[in-house]
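Below you'll find the structure, written out as structure tokens, and then a few comments.
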Amino acid sequence: MLELNEVCLKTDNAIDRHTLTMIANEGQVTCLTGATAQHRTQLLLAMLGLTPVATGYISIDGEPVTPASSHRMRRQMAYVPDGLPAHGEVIVYEPPTAQDVFRLKVNRQQHYSTELLSKELHAIAPQEQWDDRLRLLATAVLLQRHVLLVDNPPATAASYLCRQAEAGRVVIVSSSDETIVSMADSVIEV
């Protein structure tokens with residue numbers, strides 16, 4: 001279970017005045033919708049411990065996600081970004097390959113192969129629909145983390161995300177797409 005209790009985010013030297021309280025349970029897809037895509041992304045990043053929380057708290061299975069614990073807590077989570085902003089040195093976003101993800105020290109113990117990735121991609125969509133976002137989603141699932149956070153998933157991934165929840169994961173998505181919103185077990189207006 002992932003819980004946000006009266007969470008307000010710190011954003012650009014200001015405090016967001018909107019509070020959010022929610023619980024996302026295993027076996028369910030929770031969809032954050034409303035507000036702006038950027039605000040929803042910041043909420044997902046706060047769940048990862050990467051965006052500061054001004055007030056309230058975030059916890060996983062009752063254990064608070066704090067700056068001190070966030071590195072350890074992220075080992076329970078997989079995050080699929082919508083994309084990276086082109087700030088500073090980043091001119092063009094090149095998503096990491098599955099090999100890049102599994103080379104990270106924290107992921108080295110996970111079993112990975114091109115065959116497993118292909119099988120996972122086939123479970124999401126037909127091959128002609130595969131793109132970098134679906135590859136990232138399949139890679140995140142192959143990490144076998146308890147919590148799956150997906151920022152703006154494509155509509156083609158809706159039933160796949162439901163199956164991930166049915167497998168016992170906490171699945172939290174951020175979307176305004178009607179297909180994604182309608183498949184969610186819980187919809188949270190932010």
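What's counted below: heavy atoms across the whole structure, side chains too, no hydrogens, waters or symmetry copies.
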Give, for atom [atom1] of [X] and atom [atom2] of [Y], the distance between the pair rounded to the nearest 0.5 Å.
X	Y	atom1	atom2	answer
Ile60	Glu3	CD1	CD	11.5 Å
Thr156	Gln129	OG1	CD	5.5 Å
His71	Ser69	NE2	OG	11.0 Å
Leu48	Gln76	CG	CD	11.5 Å
Leu9	Thr55	CG	OG1	8.5 Å

Shortest non-hydrogen separation from [X] to [Y] and the atoms involved:
X	Y	result
Ser70	Gly49	CB-CA, 3.8 Å
Ser175	Cys31	O-SG, 3.9 Å
Gln28	Asp185	CA-OD2, 3.2 Å
Gly62	Pro64	O-CD, 3.6 Å
Met183	Cys162	SD-SG, 3.4 Å
Arg163	Ile124	NH2-N, 4.5 Å

Do [X] and [Y] have side-chain heavy atoms sitting under 4.5 Å apart?
X	Y	value
Leu134	Tyr160	no
Arg169	Gln144	yes
Met47	Val65	no
Leu148	Leu161	yes
Thr19	Cys8	yes
Pro153	Ile180	yes
Glu189	Thr33	yes
Met73	Ile58	no

Is there a donor-acceptor contact under 3.5 Å from the side chain of [X] to the main chain of [Y]?
X	Y	value
Arg74	Leu50	no
Ser118	Thr114	no
Thr21	Glu6	yes
Arg40	Asn152	no

Side-chain heavy atoms under 4.5 angstrom apart, residues restricted to Ile, Leu, Val, Met, Phe, Trp, Tyr: same cluster for [X] and [Y]?
X	Y	value
Leu43	Ile23	no
Leu44	Val181	no
Val150	Trp130	yes
Leu45	Met22	yes
Leu4	Val187	no

Practice item. Tell me, yes or no, whether the heavy-atom count around His18 atom NE2, taken from other residues, nucleotides or ligands under 6.0 Å, exceeds 12. Key: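 Not more than 12 within 6.0 Å, no.
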Check your understanding: Looking at Asp151, Val29, Leu32, which hits side chain to side chain contact (heavy atoms under 4.5 Å, CB included) with Ile172?
Key ->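 The passing option is Leu32.
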Exercise for review: For the pair His146 and Val170, evaluate side chain to side chain contact (heavy atoms under 4.5 Å, CB included) and give the outcome as yes or no after the intermediate values.
Suggested key: CA-CA 6 Å; His146 180 64; Val170 174; 3.9 Å; yes
Exercise for review: May I have the step-by-step check of side chain to side chain contact (heavy atoms under 4.5 Å, CB included) for Val190 and Ile188, ending in yes or no?
Suggested key: CA-CA 6 Å; Val190 296; Ile188 309 295; 4.2 Å; yes
